[in-house]
Amino acid sequence: MATRAAPARQPPASRKRRASPPALSAPVTLPPPGFVADRAEAAARVERLLQYRFRDRSLLDEALTHQSFSGGAGGAASYQRLEFVGDAALGLAFSNFLYLTNPTVGPGALSTLRAANISTEKLARVAVRHDLYPLLRRNCPRLDLLVGQFIESVKQELEDDLGITPYGGSVFKAPKVLADIVEAIAAAVYVDCKFNIEELWKVTRFLFEPIVTAETIDEQPVSTLHELCQKHGKDIKFKSWQKGGTTVVNVFVGGVLVGTGSSEQMGIAKLNATRDALSKLHGGGNQQVLTTGVGHGLGVEVGELRECKKKLIDQCNRKLWPKPIFKLQG
């Protein structure tokens with residue numbers, strides 16, 4: 001009886017190869033934010049920045065210590081108590097300043113101005129501009145990553161933008177720790193000078209320059225976006241929603257989402273979203289939103305309006321009159 005031959009084994013080369021997993025992309029690396037290990041030098045840098053000599057330098061040591069480090073060697077206290085005082089003190093300092101310099105402005109507008117000047121986004125940029133994070137004692141690599149991402153993002157913005165755009169707009173949300181450092185340092189000054197609010201303002205005011213005023217806040221992007229969309233016959237819609245304690249605003253132009261912004265304050269979130277939309281409409285991937293189905297006639301009207309504004313501003317400059325304020329109605 002014939003026996004059935006066993007099937008010949010295929011050589012290994014003829015076997016079907018398993019698909020190899022896709023190669024992993026190299027991890028994105030960011031330069032570390034840095035750290036000033038010499039604490040005397042860290043305190044000296046703050047004093048040189050403020051042009052203020054602390055009577056009690058331990059306040060600075062506390063202001064420059066994150067809670068991830070506190071309780072370690074020496075049982076150092078974190079800046080949390082000082083940050084609490086600094087938040088209130090800066091709010092009062094700005095309230096005084098805005099009240100005295102805006103005698104005809106109502107409480108609602110004053111609140112918006114104060115929020116614009118001491119928002120997390122504005123204070124975080126203050127910390128970046130003056131390189132304060134490396135002075136902070138901390139033990140939290142994830143915090144370093146988040147702060148590093150924000151710092152690199154901000155540095156990619158125009159140099160002017162770092163100073164004059166207080167509302168954010170960065171790809172990365174401003175880490176609260178950066179604003180906390182500014183508030184804690186302000187509180188250290190406030191406590192050191194025996195809770196003298198005038199002295200606090202004198203020492204720290206320059207940190208927040210340029211201060212957003214009733215005149216400059218009207219130059220923010222909302223009216224510019226309306227004007228741009230009118231030119232192209234596009235409608236604008238703002239939609240807001242809450243995410244924890246943060247307000248998120250989306251901007252739709254012609255039914256297309258073109259900008260997003262967030263903040264603790266509704267008004268500031270809207271400004272963040274508008275600025276984001278403008279940057280994308282002017283040169284980003286959403287530029288075609290404006291050029292699709294362009295309307296007719298409105299562009300001429302907007303052009304004439306701009307020309308009239310220019311003539312009025314030139315006239316005021318020649319006559320040394322106050323700069324005119326343009327507000328969008330409706």
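Basis for what follows: all heavy atoms, side chains included, without hydrogens, waters or symmetry-related copies.
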Check the pair Glu62, Ser78 against side chain to side chain contact (heavy atoms under 4.5 Å, CB included), reporting the backbone distance first and the verdict last. CA-CA 6 Å; Glu62 183 177 335; Ser78 78; over 6 Å; no

Please lay out, stage by stage, how Leu92 and Trp201 fare under the test side chain to side chain contact (heavy atoms under 4.5 Å, CB included). CA-CA 10 Å; Leu92 178 58; Trp201 185 243; over 6 Å; no

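- Using a 4.0 Å cut-off between a side-chain N of Lys or Arg and a carboxylate O of Asp or Glu, Asp144 and Arg138 qualify as a salt bridge.
- The structure places CG of Leu90 at 10.5 Å from OG of Ser95, a figure rounded to the nearest 0.5 Å.
- The CG atom of Asp192 lies 8.5 Å from the OG atom of Ser58; values are rounded to the nearest 0.5 Å.
- Leu136 contributes atom CG, which lies 9.0 Å from atom CG of Leu178 (distance to the nearest 0.5 angstrom).
- Take Glu83 and apply the salt bridge (charged side-chain N to carboxylate O under 4.0 Å, His left out) test, not counting sequence neighbours, and it matches Lys176.
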Check step by step if side chain to side chain contact (heavy atoms under 4.5 Å, CB included) holds for Phe69 and Cys140. CA-CA 8 Å; Phe69 183 91; Cys140 185; over 6 Å; no

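- Two residues are said to be in side-chain contact when any heavy atoms from C-beta on lie closer than 4.5 Å; Arg125 and Phe208 fail this criterion.
- Sorted by first and then second residue, the ring pair (Phe, Tyr, Trp, His ring centres under 6.0 Å) pairs with a member in residues 174-194 read Tyr190-Phe195; sequence neighbours excluded.
- Evaluation of the side-chain hydrogen bond (donor to acceptor under 3.5 Å, both in side chains) rule for Arg53 yields Glu47 as partners, not counting sequence neighbours.
- Residues satisfying the side-chain hydrogen bond (donor to acceptor under 3.5 Å, both in side chains) criterion with His66, sequence neighbours excluded, are Ser68.
- Within the structure, the ring pair (Phe, Tyr, Trp, His ring centres under 6.0 Å) test picks out no pair touching residues 239-264 (sequence neighbours left out).
- A pairwise comparison of heavy atoms in Ile118 and Leu123 identifies O-CD1, 3.7 Å as the closest pair.
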Can you list the steps and then say if Ile185 with Leu50 is a side chain to side chain contact (heavy atoms under 4.5 Å, CB included)? CA-CA 10 Å; Ile185 290 175; Leu50 299 177; 4.0 Å; yes

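- Annotation: salt bridge (Lys or Arg N to Asp or Glu O under 4.0 Å) contacts involving residues 197-207, sequence neighbours excluded, comprise Arg205-Glu209.
- Between Val203 and Tyr52 the shortest side-chain heavy-atom distance falls below 4.5 Å.
- Using a 4.0 Å cut-off between charged side-chain N and carboxylate O, Glu41 and Arg45 make a salt bridge.
- Not counting sequence neighbours, Tyr133 has no partner by the ring pair (Phe, Tyr, Trp, His ring centres under 6.0 Å) test.
- Distance check: Leu146 CG to Leu143 CG gives 6.5 Å after rounding to the nearest 0.5 Å.
- Side chains of Phe35 and Arg137 form a contact here, defined as non-hydrogen atoms less than 4.5 Å apart.
- Val248 and Val253 end up in different hydrophobic clusters when Ile, Leu, Val, Met, Phe, Trp and Tyr side chains are linked at under 4.5 Å.
- Residues Lys239 and Val251 form no side-chain contact, since every pair of their non-hydrogen atoms from C-beta on lies 4.5 Å or further apart.
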Cut-off 3.5 Å, no hydrogens considered: what does the side-chain donor-acceptor table look like for residues 96-108, sequence neighbours left out?
{"from": "Thr101", "atom 1": "OG1", "to": "Phe97", "atom 2": "O", "distance (Å)": "2.7"}
{"from": "Asn102", "atom 1": "ND2", "to": "Leu98", "atom 2": "O", "distance (Å)": "2.9"}

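- Asn117 contributes atom CG, which lies 4.5 Å from atom NZ of Lys122 (distance to the nearest 0.5 angstrom).
- Atom CZ of Arg55 sits in a crowded spot, with more than 12 heavy atoms from other residues, nucleotides or ligands closer than 6.0 Å.
- Val85 places none of its side-chain heavy atoms less than 4.5 Å from the side chain of Glu183.
- Partners of Thr260 under the side-chain hydrogen bond (donor to acceptor under 3.5 Å, both in side chains) rule, at least two apart in sequence or in another chain, are Asn250.
- In this structure, Phe206 places its CZ atom where more than 12 heavy-atom neighbours from other residues, nucleotides or ligands lie under 6.0 Å away.
- Minimum heavy-atom separation, Thr274 to Lys270: OG1-O, 2.7 Å.
- Interatomic distance, CG of Leu225 versus CG of Leu281, reported as 6.5 Å (0.5 Å rounding).
- In terms of heavy-atom proximity, Ser240 sits nearest to Val249 at CB-CG2, 3.9 Å.
- Taking Thr247 as the reference, Gln242 meet the side-chain hydrogen bond (donor to acceptor under 3.5 Å, both in side chains) condition, with sequence neighbours excluded.
- Ala124 and Ala174 make their closest contact through CB-CB, 3.6 Å (heavy atoms, listed as atom of the first residue, atom of the second, distance).
- For Asp87, there are no salt bridge (charged side-chain N to carboxylate O under 4.0 Å, His left out) partners, not counting sequence neighbours.
- Val177 places a side-chain heavy atom less than 4.5 Å from the side chain of Tyr79.
- Screening residues 92-106 for salt bridge (Lys or Arg N to Asp or Glu O under 4.0 Å) gives no qualifying pairs among residues at least two apart or on separate chains.
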